[in-house]
Amino acid sequence: MAKEIDVVIKEEFIRVYKEGYPLIAQESILSWDKVKEEGTVLNLVDESGKFILKAYHGMQNKGYGWVLSSKKDEKINAAFFTKKIKSALEYRKEFFENENTTAFRVLNGEGDGLGGLTIDYFDGYYLLTWYSLGIYEFKSDILEALQASTEHKGIYQKKRFDSKGKYLNEKDDFICGEQAPSPLLVKENGTNFAVYLDDGAMVGVFLDQRDVRKTIRDKYAKGKSVLNTFSYTGAFSIFAALGGSTKTTSVDLAKRSLPKTTEQFEVNEIDVDKQDIIVDDVFNYFKYAVKKNLLFDIVVLDPPSFARSKKRTFTASKDYVNLLKEAIQITNRGGIIVASTNSANFSMMTFSDFISRAFKELNGKYKIKERFSLPKDFRVLDKFQEGNYLKVVFIEKLK
Ligand code: SAH
């Protein structure tokens, strides 16, 4: 049973929490002295001791914990987590009923009332991702709840926190049920993906780009040449090729991107020999493309929010304008730049401003065709728009 203590919340923060703000900020609590251990249940009270909300303590770079309930006598146990998981599953009912898509998110942290945890579904297998030691302390109750709420083939996990050696000898990703095949083939809008649930930090596909991939395949790719930068396992290239692009070029610095991208083409029966898969720094590739006078009809930009390579560091909030300028120079007139970022540090407004600056500095002209943020299964709270980190803009280069 988790330890439960009262902590006093500062007067000026009470209103935002009552209105539904889910993140426990360090500065909102009068004193953290009493709170020693992650996973402690916090009864947030006002200065007169009156109950306001129930939360838990877990350290993430975002904050010190998450709100769990507005009920004073709520017990944070398997029954509580079952309630949360069941309503999260209900919200994704249409996804479970759609045979063309067998990989999606079933619980999106605070968007589903459980900050610090996500659960993804991969064709009968469930993957839990823990973002703090605090939420991980509830593992046995959460597992019991997940097992009680789902028919599952197997359950896996990823730990995205530093456990400081505490769980060192625990066998990592596979938890229970049957082991998934390696690779496990899942579908997204009818397209295949090979995913690996037990092979490092990432499984091979970022589910939050589903609607963007479909849009590229169904509305933009036909007859076009496509450059996919920061391509990882080539997901955008696969969708472009299936949409009828004349050729895709995928560029990623990581050596593993070559076999991984090849595999994704193969599981979709696309002739890999007609595609280019290049292991290189994107910024080198831009130089090469300019030198060779290469121009593309579609350029996809999907960098990580922060990356360090041998030669440089890339920080989306500082360097995106330059990245766009590089892309603009190798995009055909009338072509499309798909500019994407998962950086939570800036808003869609700021991102739009980056786009405007990049074109202005090159004396160019553009038109915004469409915008995307997180898809429905990545549920976000109205009161916590910071949770909607994804920003994707389809830009037509006019000049
Ligand atoms: N667009 C991908 C996801 C990108 S993940 C998708 O849709 O699946 C970020 C990728 O950027 C990683 O694979 C990483 O290896 C790559 N990367 C980071 N810095 C890079 C650089 N300077 N040049 C090329 N690739 C880079």
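Quantities reported herein were computed from a predicted structural model and do not represent experimental measurements. These values consider heavy atoms only, across backbone and side chains, with no hydrogens, waters or symmetry-generated copies. Each ligand, and each atom within it, is numbered from 1 in the order the structure gives.
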Does Asp199 pair with Arg256 as a salt bridge, N-O distance under 4.0 Å? no
Ligand 1 atoms in contact with Asp281 (distance to a heavy atom under 4.0 Å): 22 (N), 23 (N)
Can you tell me how the ring of Trp66 sits relative to the ring of Phe384, calling it parallel under 30°, perpendicular over 60° and tilted otherwise? perpendicular
Side chain or backbone of Phe236 under 4.0 Å from ligand 1, or both, or neither, by non-hydrogen atoms? side chain
Under-4.0 Å heavy-atom contact with ligand 1, by part of Arg256 that carries it: side chain
Do the ring planes of Phe283 and Phe314 sit parallel (below 30°), tilted (30 to 60°) or perpendicular (above 60°)? tilted
Does only the side chain of Thr229 get under 4.0 Å from ligand 1, or the backbone, or both, or neither? Count heavy atoms. neither
If you have a sec, work out which protein heavy atom is nearest atom 9 (C) of ligand 1 and how many Å separate them, to one decimal? Pro304 CD, 3.8 Å
Is a donor on one side and an acceptor on the other found under 3.5 Å between the side chain of Thr261 and the backbone of Tyr232? yes
Any sub-3.5 Å donor-acceptor pair from Lys158's side-chain atoms to Gly200's backbone N or O? yes
Protein heavy-atom partner closest to atom 4 (C) of ligand 1 - residue, atom, separation in Å: Phe230 O, 3.2 Å
In chain order, what residues pass the side-chain hydrogen bond (donor to acceptor under 3.5 Å, both in side chains) check against Glu37, with sequence neighbours excluded? none
Atom 19 (N) of ligand 1 sits nearest the protein heavy atom Ala307 CB, 3.7 Å
What do you reckon, does Ser257 put a non-hydrogen atom under 4.0 Å from ligand 1? no
How far is atom 5 (S) of ligand 1 from its nearest protein heavy atom, and which residue and atom name does that atom have? Phe206 CE1, 3.9 Å
Checking heavy atoms under 4.0 Å, the part of Tyr232 that sits near ligand 1 is both
Thr233, any N or O under 3.5 Å of ligand 1 N or O: no
Under 3.5 Å: N/O of Val282 near N/O of ligand 1: yes
Hey, are the side chains of Tyr220 and Lys369 touching, using non-hydrogen atoms and a 4.5 Å cut-off? yes
What's the shortest distance from atom 1 (N) of ligand 1 to any protein heavy atom, and which residue and atom give it? Asp302 OD2, 2.7 Å
Sequence neighbours excluded, which residues qualify as side-chain contact (heavy atoms from CB on, under 4.5 Å) partners of Val67? Tyr17, Ile24, Leu53
Quick test of your reading of the model: are Arg210 and Asp377 salt-bridged, counting only N-O distances below 4.0 Å? yes
Polar proximity ligand 1 side, Asp252 side, N/O cut 3.5 Å exclusive: yes
Would Glu27 and Lys10 pass as an ion pair if we require N to O under 4.0 Å? no
May I ask whether Asp280 places a heavy atom under 4.0 Å from ligand 1? yes
